> 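This is the structure I want to talk about, given as structure tokens.
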Amino acid sequence: MHLDEPSAVFEAMLSGWGRQQTSRLLADATIEPRLSLIRRFSEFAGSHPWDWTAGDVEDFTASLMAGDDRLAPSTIRGYHLTLRLFCDYLLDGRYGWVGQCEERFGAIPSQVCHDYNTAAHLVDYEGRPERRPFSYDELQTLFDFLDSRVEVVARSGRKGALAALRDAQMVKTAYAFGLRRRELCFLDVADLRPNPRMPQWGTFGAVHVRYAKSSRGSAPRRRTVLAVPEFDWAIDGLRQWVEQARPLLRPGPRHELWLTERNQRVSVKTIDKRFALLRAQAGLPSDLTLHCLRHSYVTHLIEFGYPERFVTEQVGHSYASTTAIYTSVSNDFKTKALQAALERVYGSHTTNTHNNMHNNQDGGRGQR
């Protein structure tokens with residue numbers, strides 16, 4: 001007999017749910033935060049699962065939304081989903097927790113999350129409105145700063161020129177191939193592939209992504225991202241890094257594409273920190289993250305006229321609707337698209353008449 005039977009049963013519940021998720025091949029990075037949240041909720045409610053109520057969920061949600069550190073709606077919805085999944089596990093007759101709780105404590109668990117006290121998924125994109133693609137001017141500012149930084153460090157004679165060159169090329173590669181942060185960091189030299197239609201690009205005409213986003217316990221998905229001619233400037237940078245700069249680090253048998261000065265793979269956490277520093281030094285808005293370069297890639301491919309299906313496969317989305325969320329075309333692109341439609345439907349004469357009327361109206365406003 002345990003001295004603290006309720007706590008022992010609660011820990012057994014968590015342990016069993018953890019094993020269930022492991023059996024579904026979910027990663028520890030998914031399971032551990034879920035178990036931590038259940039413990040946090042139990043501490044907040046001041047009770048164990050067989051005594052939880054729907055009101056506990058509502059009070060917990062209200063606490064998450066209070067103050068200046070209120071959580072994002074998508075985060076709160078994720079918490080609700082975790083609580084719902086845990087309660088479903090406890091109520092599943094195959095695990096016997098209902099009978100155990102009734103026998104030991106005279107109470108049974110219930111589903112405390114329902115449609116009227118949990119956050120609904122109403123829109124496709126719930127990210128912060130400030131998160132957006134880089135404009136062409138912002139990209140030029142960023143890349144110019146990265147190039148000048150490499151030159152400044154190299155001229156100064158200080159240690160760090162190779163790291164500066166690596167950082168610059170990592171950022172450019174993330175944009176030129178539309179890569180997620182993890183996909184970028186886990187590239188190996190062998191993942192750089194040729195494109196038979198562009199032999200002059202050598203082994204830099206495509207990138208084989210082996211660590212793409214996985215789902216529901218599956219292995220990471222794979223895809224090959226082809227270089228596009230609009231971004232062929234990135235190929236020279238990759239070639240310089242692989243053939244000239246990287247060998248100076250004396251990598252030996254190491255196969256990672258992006259290495260630190262200590263011959264370790266650059267981590268996602270490291271590139272996040274480095275990008276935040278570089279972005280601030282370049283004078284760009286703090287809401288523009290490294291992932292925003294991926295949004296920029298999608299947007300600019302659409303503006304260049306690439307078919308939606310091609311863009312979707314390049315970035316590894318399962319559905320075209322996901323790609324559409326990433327797309328934020330410029331006003332100039334929309335104006336050109338409308339002009340092309342007007343010419344197609346009404347002919348060039350009507351379009352010219354429309355432009356002349358618009359110019360006359362602008363002139364009239366200027367005179368007034």
Side-chain angles (χ1 to χ4, degrees), residues 27 29 139 142-195 201-214 219-227 231-282 289-294 297 316:
L139 283 172
L142 177 62
F143 294 155
D144 286 346
F145 169 76
L146 293 174
D147 291 339
S148 64
R149 178 172 176 264
V150 175
E151 295 175 3
V152 169
V153 175
R155 283 199 305 266
S156 69
R158 291 181 288 123
K159 183 181 177 181
L162 285 178
L165 180 62
R166 179 204 63 210
D167 293 345
Q169 194 53 48
M170 286 189 74
V171 172
K172 293 178 180 179
T173 301
Y175 168 64
F177 290 91
L179 303 178
R180 300 179 178 94
R181 298 167 302 163
R182 188 168 184 268
E183 296 171 350
L184 175 70
C185 291
F186 277 81
L187 287 178
D188 291 342
V189 175
D191 295 324
L192 303 177
R193 304 287 180 83
N195 183 338
W201 286 349
T203 58
F204 305 94
V207 169
H208 184 54
V209 176
R210 293 179 293 117
Y211 289 88
K213 194 174 183 179
S214 60
R221 289 180 287 182
R222 298 188 176 203
R223 73 180 188 280
T224 296
V225 185
L226 301 175
F231 301 147
D232 59 358
W233 45 264
I235 293 174
D236 290 336
L238 269 175
R239 181 180 287 111
Q240 180 189 23
W241 171 254
V242 173
E243 297 179 356
Q244 301 176 30
R246 185 176 177 276
L248 297 177
L249 293 171
R250 302 182 186 276
R254 306 289 303 198
H255 46 75
E256 297 90 343
L257 179 58
W258 314 112
L259 289 169
T260 68
E261 295 87 340
R262 297 182 178 180
N263 272 342
Q264 299 297 317
R265 186 188 297 276
V266 175
S267 67
V268 174
K269 185 176 181 180
T270 296
I271 191 59
D272 276 342
K273 290 182 177 179
R274 299 301 288 270
F275 183 80
L277 176 63
L278 296 171
R279 179 197 58 215
Q281 292 175 344
T289 65
L290 185 63
H291 192 72
C292 290
L293 291 173
R294 181 170 159 87
Y297 176 80

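We're numbering straight along the sequence, starting at 1. Keep in mind that what you see is a predicted model, and the values were worked out from it rather than measured.
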> To the nearest 0.5 Å, tell me how far R180 CZ sits from L290 CG.
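R180 CZ to L290 CG: 13.0 Å, rounded to 0.5 Å.
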> If every non-hydrogen atom of N195 is compared with every non-hydrogen atom of G205, which pair is closest and at what distance?
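Minimum heavy-atom contact is CB-O, 3.9 Å.
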> Give the minimum heavy-atom separation between Y211 and E183, together with the two atoms involved.
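In terms of heavy atoms, the two residues are closest at O-CG, 3.6 Å.
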> Stepwise, does the side-chain contact (heavy atoms from CB on, under 4.5 Å) test hold for V225 with R223?
CA-CA 6 Å; V225 185; R223 73 180 188 280; 3.5 Å; yes
> Going through the distances and angles, do H255 and V189 end up as a side-chain contact (heavy atoms from CB on, under 4.5 Å)?
CA-CA 6 Å; H255 46 75; V189 175; 5.8 Å; no
> Within this structure, what is the OG1-CZ distance for the pair T289 and R279, rounded to the nearest 0.5 Å?
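Reported value, rounded in 0.5 Å steps: 7.5 Å.
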> Rounded at 0.5 Å granularity, tell me how far CD in E256 sits from CG in L259.
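That separation rounds to 5.5 Å.
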> With heavy-atom distances below 4.5 Å as the criterion, would you say the side chains of D188 and R265 are in contact?
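With C-beta onward as the side chain, the pair touches.
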> Any ion pair linking D147 and K172 (charged N to carboxylate O, less than 4.0 Å)?
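Here K172 pairs with D147 in a salt bridge, since their nearest N and O are under 4.0 Å apart.
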> Hey, could you give me the OG1/CZ distance between T224 and R210, rounded to the nearest 0.5 Å?
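Result: 11.0 Å between the selected atoms.
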> Side-chain contact, heavy-atom cut-off 4.5 Å: V171 with F143?
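A side-chain contact under 4.5 Å exists here.
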> Does F145 reach the side chain of V150, with side-chain heavy atoms less than 4.5 Å apart?
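No; the side chains remain at least 4.5 Å from each other.
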> Of the non-hydrogen atoms in A206 and P194, which two are nearest, and what is the gap between them?
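Heavy atoms of A206 and P194 come nearest at CB-O, 4.4 Å.
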> With R294 as the cation and Y297 as the aromatic partner, state whether NZ or CZ is under 6.0 Å from the six-membered ring centre and within 45° of the axis.
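Relative to the ring axis of Y297, which defines the angle, R294 lies outside at least one limit.
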> Just by distance, with hydrogens left out, do T260 and Q264 show a side-chain donor and acceptor under 3.5 Å apart?
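Absent: no donor and acceptor within the cut-off.
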> Any chance you could measure D191, atom CG, to R222, atom CZ, to the nearest 0.5 Å?
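The CG atom of D191 sits 8.5 Å away from the CZ atom of R222.
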> Could you measure the distance from the NZ atom of K269 to the CG atom of D272? Nearest 0.5 Å is fine.
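Between atom NZ of K269 and atom CG of D272 there are 10.0 Å.
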> Between Q169 and R246, does the side-chain contact (heavy atoms from CB on, under 4.5 Å) criterion hold? Intermediate values first, please.
CA-CA 12 Å; Q169 194 53 48; R246 185 176 177 276; over 6 Å; no
> Flag the pair V266 / R274 as yes when at least one side-chain heavy-atom distance between them is below 4.5 Å, and no otherwise.
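The answer is no; the side chains never approach within 4.5 Å.
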> Please name all residues satisfying ring-ring contact (aromatic ring centres under 6.0 Å, His included) with F204, sequence neighbours left out, ordered by chain then number.
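F204: no ring-ring contact (aromatic ring centres under 6.0 Å, His included) contacts found.
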> Which heavy-atom pair separates V153 from G160 by the least distance, and what is that distance?
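Shortest heavy-atom contact: CG1-C, 3.6 Å.
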> Taking side chain as C-beta onward, heavy atoms only, is T173 less than 4.5 Å from W258?
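T173 reaches W258 side chain to side chain.
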> Before you tell me yes or no, could you show the steps for I271 and M170 under side-chain contact (heavy atoms from CB on, under 4.5 Å), namely the whole-Å CA-CA distance, both residues' side-chain angles and the distance that decides it to 0.1 Å?
CA-CA 9 Å; I271 191 59; M170 286 189 74; 3.9 Å; yes
> What are the two closest heavy atoms between L293 and Y175, and how far apart are they?
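Scanning both residues completely, I find the closest heavy atoms to be O-CD1, 3.7 Å.
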> Side-chain atoms of residues 236-243: list all donor-acceptor pairs with protein atoms under 3.5 Å, sequence neighbours left out, distances to 0.1 Å.
from: D236; atom 1: OD1; to: R239; atom 2: NH1; distance (Å): 3.3
from: R239; atom 1: NH2; to: W201; atom 2: O; distance (Å): 3.2
from: W241; atom 1: NE1; to: L257; atom 2: O; distance (Å): 2.9

> Grab the two heavy atoms, one from P251 and one from P247, that are nearest each other, plus how far apart they are.
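Result for this residue pair: CD-O, 3.8 Å.
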